[in-house]
Amino acid sequence: MKKHEVIRLDIRRDYPAPPLESVTIPDGVWRNGLLVRMPNHLGDAVMALPALTMLRKRIPEHCSLQILAPEYQRPLYERLSMVDGFTGLRKLHRRWSGEEFMAVRRLRCGVGVFFTNSLRDALLLRLAGVGRLYGAAARGRGALLTHAFCFAPRRRGQPSGEHQANRCMALARALGAPEWDGRLPEFQFKIAPEELRPELAALIAHPRLLCLGAGAAYGAAKRWPAAGFREVARFWIEHGGIAAVAGGGAERQVGDEVIAGLDQRKAFNLCGRTGLTELMHLLRCSRLIVANDSGIMHLGAALGRPGVAVFGPTDLTATGPVSDSWWLIRGTADCAPCFRRECPGGSAGCIAGIGPGEVIAAVREICARYAVNLQ
């Protein structure tokens, strides 16, 4: 049996969420606008952007669209013209500070929508005066919501067949938002590349920049081996390009493993050395991205860049990139998707069985399709 398969994802056609019952929201209850609690993880937030775009079209013209999300995501929403305001939460999984609570209260939004499952946030939004709250039924918070939408439970160890972006979109449609047209919102960049740190500006200016997302916050089982990323980087460098590994500070060691033995003038470890603003510049200026199932994968796809994603224990039918210009390579072990953070099979795990040759072949195909010249 083949140890992998290559998939092109069409989330609207192949993995839709079922329609939910429609809810009518009278125009008079919106007050100053809509407050949307966006997901904590970057990848989940990006997958909710299509629904956010459609909700913007649903609310009355005089109302604002306000975002409540982790503070680190501020650069993401500040570059979306459809967003009117952002309130950042600095300590996740804890009660809001008094300052954060009062900031939400001062917004005087009449309607709140959750793209999270938090019981605590539902209670705090009620206390902050948001009169109508809508979201998925989860964690016993139904009594706090004006309407709790019920989705079919996901069966453990089985592909869901419902993409997360479409689940968010189904909720938005139930609230009267129009059908999604398949387009992602455009990001506005106010910082020119020459205003960035010289090191980063030089990388961005290179015509053949490959960005590698070798980490994954979820756990080691989700990470394709660093040796595989190294071989992809070696191939790219040998064909006239440069490669940069992006990620958080916790992935610094993974980045070092990826660039070990490569020409240090052409291979760079940027893990922990870029904020979200710089990461967005890096991704949008890359010719190609190769990544695990991660925030870098989702953000790169949202910025319009093509790429290759390697999937192991997670479900690409639920969390694949919202893009038709990505090639997805999935391990076909019988136990996948298991959603484990650590693989009991170790080096024999589903993602470890995917060889560099398969990824490089996908890279070649993307280069041919998008006229990326290889020397």
Side-chain angles (χ1 to χ4, degrees), residues 4-18 39 42-54 57 76 79-80 82 159-170 172-173 177-187 209-213 216 224 232 236 246 279-280 282-312 314-332 337 354 358-374:
H4 71 279
E5 58 180 338
V6 180
I7 295 174
R8 299 287 303 283
L9 201 63
D10 186 334
I11 68 167
R12 289 195 299 163
R13 182 194 67 196
D14 298 331
Y15 307 111
L42 179 60
D44 294 340
V46 172
M47 286 187 284
L49 290 181
L52 190 67
T53 304
M54 296 300 105
K57 297 181 179 181
L76 180 72
R79 283 161 177 77
L80 295 174
M82 65 179 173
S160 73
E162 294 178 0
H163 196 277
Q164 188 168 320
N166 285 332
R167 288 169 71 96
C168 294
M169 193 63 245
R173 286 201 308 270
E179 187 73 30
W180 181 41
D181 59 8
R183 292 185 296 179
L184 286 165
E186 293 186 6
F187 293 91
L209 170 62
L210 170 71
C211 187
L212 301 172
W224 192 43
V232 174
W236 189 262
L279 175 61
M280 293 175 73
L282 182 74
L283 292 173
R284 80 184 183 107
C285 293
S286 298
R287 296 305 303 272
L288 190 72
I289 301 167
V290 177
N292 296 314
D293 176 12
S294 62
I296 286 177
M297 173 194 75
H298 287 292
L299 186 57
L303 289 166
R305 307 315 304 148
V308 180
V310 186
F311 276 77
T314 52
D315 179 11
L316 62 81
T317 71
T319 60
V322 183
S323 170
D324 61 1
S325 60
W326 277 66
W327 275 243
L328 313 183
I329 303 179
R330 172 173 64 180
T332 58
I354 299 171
E358 285 76 42
V359 176
I360 290 172
V363 167
R364 285 184 178 277
E365 188 172 347
I366 291 176
C367 289
R369 179 178 291 264
Y370 296 102
V372 179
N373 295 324
L374 297 175

Name all residues meeting the side-chain contact (heavy atoms from CB on, under 4.5 Å) criterion together with [X]; count only those two or more places apart in sequence or in a different chain, and write none if there are none.
| X | answer |
| --- | --- |
| Ala302 | Val46, Leu184, Phe187 |
| Arg173 | Met169, Ala170, Glu179 |
| Cys211 | Ala246, Leu282, Leu283, Ser286, Ile289 |
| Pro185 | Leu49, Thr53, Leu80, Met82 |

Could you tell me which residues satisfy side chain to side chain donor-acceptor pair (under 3.5 Å) with [X], sequence neighbours excluded, listed by chain and number?
| X | result |
| --- | --- |
| Asp315 | Ser160, Thr317 |
| Asn166 | none |
| Arg183 | Asp181 |

Next item on the list: For Ser325 and Ser323, indicate whether the former's side chain and the latter's backbone hold a donor-acceptor pair under 3.5 Å.
Entry: no
Side chains of [X] and [Y]: closer than 4.5 Å at any heavy-atom pair?
| X | Y | value |
| --- | --- | --- |
| Val372 | Leu288 | no |
| Trp236 | Leu212 | no |
| Cys367 | Arg287 | no |
| Leu76 | Leu299 | yes |

Note to self: Quick check with a 6.0 Å cut-off and a 45 degree axis cone: is Arg8 positioned over the face of Trp327's six-membered ring?
What the structure shows: yes
Item checked: Straight-line distance of Asp44 CG to Gln164 CD, nearest 0.5 Å -> 4.5 Å
Next item on the list: Output the distance between atom CZ (Arg330) and atom CG (Leu316), rounded to the nearest 0.5 Å.
Entry: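 The CZ atom of Arg330 sits 4.5 Å away from the CG atom of Leu316.
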Might you point out which heavy atoms bring [X] and [Y] nearest each other, and give the distance in Å?
| X | Y | value |
| --- | --- | --- |
| Gly307 | Ile366 | O-CD1, 3.2 Å |
| Ile11 | Ala165 | CD1-CB, 4.0 Å |
| Thr319 | Met297 | O-CE, 3.5 Å |
| Gly320 | Leu9 | CA-CD2, 3.6 Å |
| Trp180 | Pro50 | CE2-CB, 3.5 Å |
| Trp326 | Gly300 | CZ2-C, 4.4 Å |

Notebook entry, point to check: Residues in ring pair (Phe, Tyr, Trp, His ring centres under 6.0 Å) with Trp224, at least two apart?
Noted result: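 Trp224 satisfies ring pair (Phe, Tyr, Trp, His ring centres under 6.0 Å) with Phe229 only.
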Notebook entry, point to check: Between Leu210 and Val232, does a side chain to side chain contact (heavy atoms under 4.5 Å, CB included) hold up when you go through it step by step?
Noted result: CA-CA 10 Å; Leu210 170 71; Val232 174; 4.2 Å; yes
Item checked: Pairs meeting criterion salt bridge (Lys or Arg N to Asp or Glu O under 4.0 Å) with involvement of residues 288-309, two or more places apart ->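 Only Lys222-Asp293 qualify under salt bridge (Lys or Arg N to Asp or Glu O under 4.0 Å).
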Check: Who pairs with Arg12 by salt bridge (charged side-chain N to carboxylate O under 4.0 Å, His left out), at least two apart in sequence or on another chain?
Finding: none
